[in-house]
Amino acid sequence: MKLEELRKIRERVQNDLRLRGGAARVKIVVGMGTSGIAAGAREVLSAFLDEIEKRKLTDVIVTQSGEKGLASKEPIVEVIERDHPKVVYGGMTAEKARRVVVEHVIHGTVVEGDVLAIVDAEKE
Amino acid sequence: MDKLRVKIDGRTILAAPGKTILEVAAENGIHIPTLCHLDGLRDVGACRLCIVDLYGQLVTSCTTKVADGMEIGTQTETVRAYRRTILELLFAEGNHVCSFCVSNGGCELQDLACELDMHSVRVPYTYRRERVDATHPRFLIDRDRCVLCGRCVRVCQEVEGAHTWGFAERGATARVITDLAVPWGTAESCTSCGKCVEVCPTGAIARKGASNAEMRKHPDLVAELTERRARG
Amino acid sequence: MGKVKVATVWFSGCAGCHMSFLDIDEVLIDLAGRIEFCNSPITDLKVFPEGGVDVTLVEGAIGNEEQLELARTVRAKSKIVIALGDCAVTGNVPALRNGIPPRELIEEIYGTSRTTNGALPYEVVPRLLERVRPLHEVIPVDYFLHGCPPPAGLIAKAVLALLDGKTPELTGADLKFG
Amino acid sequence: MAGRLDVLVCSGGACMSSHSLEVKEELVRQLEAHHLADEVRIVETGCMGPCQYGPLVLVYPEGVLYKNVAAADVAEIVSEHFLKGRVVERLLFRSETADRIIQERRSIPFFEKQMKIVLANCGAINPESIEEYIGAGGYEALGKAVTTMTPEGVVAEMKASGLRGRGGAGFPTGTKWDFVRREKSPKKVVVCNADEGDPGAFMDRAVLEGDPHTVIEGMAIAAYAVGAQHGYVYVRAEYPLAIKRLRSALEAARKLGFLGDRIFETAFSFDIEIRVGAGAFVCGEETALIASLEGRRGVPRIRPPYPSTSGMWQLPTLLNNVETYANVRHIVARGSAWFASIGTEQSKGTKVFALSGNVRNTGLVEVPMGTTIGELIYDIGGGVPNGKRLKAIQTGGPSGGCIPVPYLNTPISYETLKELGAIVGSGGVIVLDEDTCMVNLARYFVEFTASESCGQCVPCRSGLVRMLDILDRITRGEGAMDDLALLEELANTIKRSSLCGLGQTAPNPVLSTLQYFRDEYEEHIRHKTCPAAVCAALFVAPCEASCPAHVDVPAYVAHLSNGDFAKAFDIHMKTNPLPGICGRVCYAFCETKCQRAQIEEPVAIRDLKRSMADYAMEHKLAGPKPRARNGQRVAVVGSGPAGLSCGYFLAQLGYETVLFEALPIAGGTMATGIPTYRLPRDILKADIDRIVRAGVEIKLLSPVEDLDELLADGYGAVFVATGAMKAQTLALGDPLPRGVVTGVDFLKGIHVDGTSEVGAEVVVIGGGNSAIDSARAARRLGAKHVTIAYRRAKADMPASPEEIAEAIEEGVEILDMTSPTGVVGGGRVEGLRCARMAAGPFDASGRRRPVESDQAEIVLPTSMVIVAVGQEATGELLRGAGIEVAKGGLVPVDPVTMSTSRPGIFAGGDATSGPATVVEAIGAGRRAAIAIDRFLGGNGILEPEERVEVATDYDEDAYTQERARAVPPMAAAGTRIRSFAEVRGRFAKEQAIEEARRCLHCDRKQTEDGVCCGSSAGEAAGATTR
């Protein structure tokens, strides 16, 4: 074992432990109420997780929330970035989820067409 | 070798390095009471009766080596009081009934009561009740009279090399045992050399059938033996 | 000057200490002129003097309720109490029964005895204490005379010192038990 | 696919014993069932800390902490939280101070003030995964040390860090390392002492179970620094889980090359073996530990030589404790300067404490050195539960000492605790509440050390047993005052002359309790009482022991359970002649000690008493017959509870007794101060009339001005019970506008003078019962809005919680942390200016002192201000009789005889104690009556007959089953505020009988053959140890 090897292990494992750090840059919240799940929120959630894994994003966490009260727009997803307003997407699909990861999460460009609302953090 | 300068009870004394306070005191005619110490055996500092005052710290003189500039009090109020309390504790934990003891008149514990001015035992007595082990053909042990000084254990290990005697249990139930706590008479390692009898400071280990007048012990035997062995 | 009032009492012990007291020989004559014996097994005076005494010598350990009671009376009515001999000082031989329940003891001693026909003395004699105790465990004691029995000379030394109004110097070999 | 949730299940020892593994298994099943196994990862971790609330489940990324999770809760957590994102609120932590739920782990007060260095990984990673350890930065420090630092450099870092031995002695770790490093020996050994043996200490176990690699890494760094090749961990056999995890950690470390040959491809080689100890406490002592490691009898030997020069196999040996090693990697990785910046001048870093005893949040906590004791107990520990008062904390286990309440502001460090006679020790902290008997506590520790002494040296072996004898004697009520001196002498002899640390520290629990709680020892010896009602030989039952009047509660409750109200009443009258009053306004100290609370709730003793008293009143029962008159006369000044009680018992003893009362009515504060909705005046009158019928003469409108006149009048003795009627005031303005009154005057106005003027808006200042009484009375007189302004926190109000709750129901608003500074208004008061307060340091009472906050002053608009901030005695009458009067008008008296410095003059009640309770005054009056009897030549015996245990005639076993406490009917708040009618109703007769049968009969201690005949809870009550 060399020091460099140790550090390699650490980097690998740290990705694994990122959930517990509480210091994620971006938090993606998938609405998983009854209507959300009926509209395909499970697939959306899986797509997010898969895409994040593929792109080795260590500072993004995916979590879930309950009913948002806007059944017609489900699945609904919120993207919360530190120091940015919250972006709420509606009518998500697995495909759109992958796009949000690439464009919004990685490149910082909101995927305009699917946005339901942009909410300032203070107003909540 | 350079001598160290120490002060014992106000007297300045030159001492050889590597010696214990007890040795230096004895060489200079200063008596310090002892019980578990015996010339020729390794010192363990268990009975605590030889404590002396280093003015700030109490140490057992049998285990503490002299150091240059050391100031030692062997008879300060503090150590005298503590020694007396410790002696009372010894008397209280056993059944030290001198009047019918085979060592009456030849007992180090009895002598210590005189030496340390012990008028009465202020703590409650325990009244221990242990069976006398008289299974050995020549010797017996009355554990009620044992002070757990460990001299029998050490002489058996260090001089005889038989390792028959040992300690068992702890706290108030600690006691000396032969082999793995078997009756002495059945302890196979025992060579029946009798050194334990000679070093036992009280009447706990004694020769069978000996009258009080006959039961005089010779603990100095050990020092003689070890010295002779050293000379080869 | 009036005579010094002296009492002696005898609890659980063998009377050997009293014998030793008598062994002080010619000193007894000297003492006779200076002390008044108030209560003592020797004089067979059975009631402890109401008015109190100067010195009481106590032989024996405290083994039963009567002795405990009397020991307290002795303390209340004596200026100086001396524990005389190893039984009073340490419990000595009588205390060897400690650890055996009194009931068992009585049954062992009386229950199997031919002379008592197995009758057990529960009511007529004072009840045994759970443990035999040295005198100072039940009352404060001023001086301790060691020995089984204490040598006559030691007793004489202590008593004479007290008669001279001095504190008996008990030290070294004076403190030999047994 | 990457995980979405990490679910950490605590599998520390405490959580495992509350079945956390079942929770984990159920989680696995539920995740499978919901097809979440890929997204949710379950991690078994070491101890998370708040053991009280186990099993604990921590869910990331949100950081939601669930407590007391049962397997049955798992389905809900999975379907609600993991699937739908709805946190399961009922399993969350709740704030102790405010009524709110706390979701995230980091905002739970228990964690807020902690700083986790040693425990950083405990509860956060899987202890059986070396990868997780590495992910958390593990083995980086070892790599750094062996590849970039010299051994001297490592030692220098340790020295500079200021780390001190965490095993208890606090020896500088770097210095010890330096000793070993300097030894010229080709072979050296490092040893980890994991023989954690203090009762109540479990920090080493938590580290070994929760983060074993941190210890391995620390030992490896140490070995590198001192030049050792072999390491041993000496761990007690009682820690099988720690052994198992350590063993698997060692294997994993070897596999990755952190142990073994050429570590990090350097010349450094090192390996570790586990040695399992057989559980002797003394083996925590280093020389005994080494003896045991070598396979010999585990007894200490004299030092020097120290292990650093001659330890295991006579080799230079470095011996440190688990927690010490756990600090090492952090110091190496982050630098000594960082470490030295934490803590106090001489005590650096953090310390792990195991909080246990009477504290809300028991468990493991880690705080920076310098954290105050109060912060540890209150902010982290959550304070003392069940409404009990803190008495002391015990630190350092059997080698440590007690620290009483006045020292809560002491910052924790090796030096400060030592100064107080305690020690940091290994970190066990036992919180003790008012129900702890300090003598019994000391006895417990001495019993422990006496049986754990190795038996080698005389002072420890024989001395501790003798100390135990003496302590036993004292707890049985057979102690003498001389025993305390002997106990101290033995303690000092053992402390100063024992061979090893065990003996040298074993007397500490006795010495420190003697230092701070000597009065408690003296209570046991002089008065044969155990104030905490623990030492079973000294009382009938805990209720009786805690009653200031020592009413034989078990006896009268037993009579009630048999339906015999008259006999119950007779028993009560033997010690307390005011049952009607006490059945309503008593503080019911008895109920706070009632052992029934261990099953559900205390027996409703006060309500039972009321039923009995009402029965006696309605049936015109008189109570026990007094003795024939003996012809002697005694005067009593004041007709409050103390005076009435003293007068009654004097009459029972045959004295002709005259009570002098200055006012036109009898009863003292009971008549002038306690509102009628709590104590109807016909009840007061009935109790007083019964005393008059028993032979006491009461002279109203007869103020006494000169005690000597009374004595000259032929009274053989005088009992002065003039109360504490003078209201304390606040400087709110000069001159005060109209509308500012004292609580005393306000309540007296209502009940004696018949005035009833009240403003629409009323502010009451104060936090005691008279403040509550004033507020509730004001509501009844028509005040629209009543506010109580109190300068401390609501939880610190001295008023009874029951009264406070009832006041709030009646619309009284309580504004705490509010301290009045002045009134607003000219002719008539218009408002009250108040400063807003913040919680400051702890005061001698153990409460936080209110200090001015930076919030702006507020003005409470009001037309009336009632100042109810306390009352005091004047002591005038006694001063006039030449008796010295202390500050606050209080007269010093003997607590048993109530006699003043002047023979023949006795005093009691509020006049000598300051404002207290009715039942305390009754007790004082009775004690005085007994003492007066003795003074006048009597024998002072009120009850010649021995206590008889009351037989009961129902199926007791049936009543030891859980059974709710009976609640008497209460008037609705809306009805209550319309009149001064009594608020609380009473039990129906059958209901009272049923309730009385809930009594567990703690008075029945042992039958002749030594078998306890009570129920299991009854046994608990009779036991001397808690």
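Keep in mind that the numbers below use all heavy atoms, side chains included, and drop hydrogens, waters and symmetry copies. A note on names: the letters A, B, ... follow the listed sequences, proteins ahead of strands, and every chain is numbered from 1. What you see is a predicted model; the values in this text were computed from it and never measured.
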**Request:** Give the member of V89(C), N92(C), L145(C) that has the highest number of heavy-atom pairs under 4.5 Å with chain B.
**Result:** N92(C)

**Request:** Against chain B, label A95(C) side chain, backbone, both or neither, depending on which of its atoms sit under 4.5 Å from a heavy atom there.
**Result:** both

**Message:** So F177(C) and M118(B), do their side chains get closer than 4.5 Å, heavy atoms only?
**Reply:** yes

**Asked** So which part of R128(B) gets closer than 4.5 Å to some heavy atom of chain C, the side chain, the backbone, both or neither?
**Response** neither

**Request:** Can you establish whether the number of heavy atoms outside K208(B) located under 6.0 Å from its atom NZ is more than 12?
**Result:** yes

**CH2 (W184(B)) with more than 12 external heavy atoms under 6.0 Å** = yes

**Neighbour count above 12 (heavy atom, 6.0 Å) for E36(C) CD** = yes

**Asked** Is F167(B) atom CZ crowded by more than 12 heavy atoms from other residues, nucleotides or ligands, each under 6.0 Å away?
**Response** yes

**Request:** Let me know if S103(B) has heavy atoms under 4.5 Å from chain C in its side chain, its backbone, both or neither.
**Result:** neither

**Request:** Could you tell me whether the side chain of R133(C) and the main chain of Y125(B) form a donor-acceptor pair under 3.5 Å?
**Result:** no

**Request:** Decide side chain to side chain contact (heavy atoms under 4.5 Å, CB included) for E115(B) and L175(C); before the verdict, give the C-alpha distance in whole Å, the side-chain angles of both, and the deciding distance to 0.1 Å.
**Result:** CA-CA 8 Å; E115(B) 185 186 341; L175(C) 297 172; over 6 Å; no

**Prompt:** Is chain B contacted by the side chain of L96(C), its backbone, both, or neither, given a heavy-atom distance below 4.5 Å?
**Reply:** both

**Prompt:** So which heavy atom on V132(C) is nearest to which on Y127(B), and how close?
**Reply:** O-OH, 3.3 Å

**Heavy-atom pair of closest approach, residues G172(C) and C114(B)** = O-CB, 3.1 Å

**Request:** Could you list all the side chain to side chain donor-acceptor pair (under 3.5 Å) pairs where at least one residue sits in residues 169-178 of chain C, not counting sequence neighbours?
**Result:** D117(B)-T171(C), K157(C)-D174(C)

**Those residues of residues 134-141 of chain C, ordered by number, that approach chain B below 4.5 Å (heavy atom to heavy atom)** = P134(C), H136(C), E137(C)

**Request:** Return the orientation label for the H146(C) and H119(B) ring planes: parallel under 30°, perpendicular over 60°, tilted otherwise.
**Result:** perpendicular

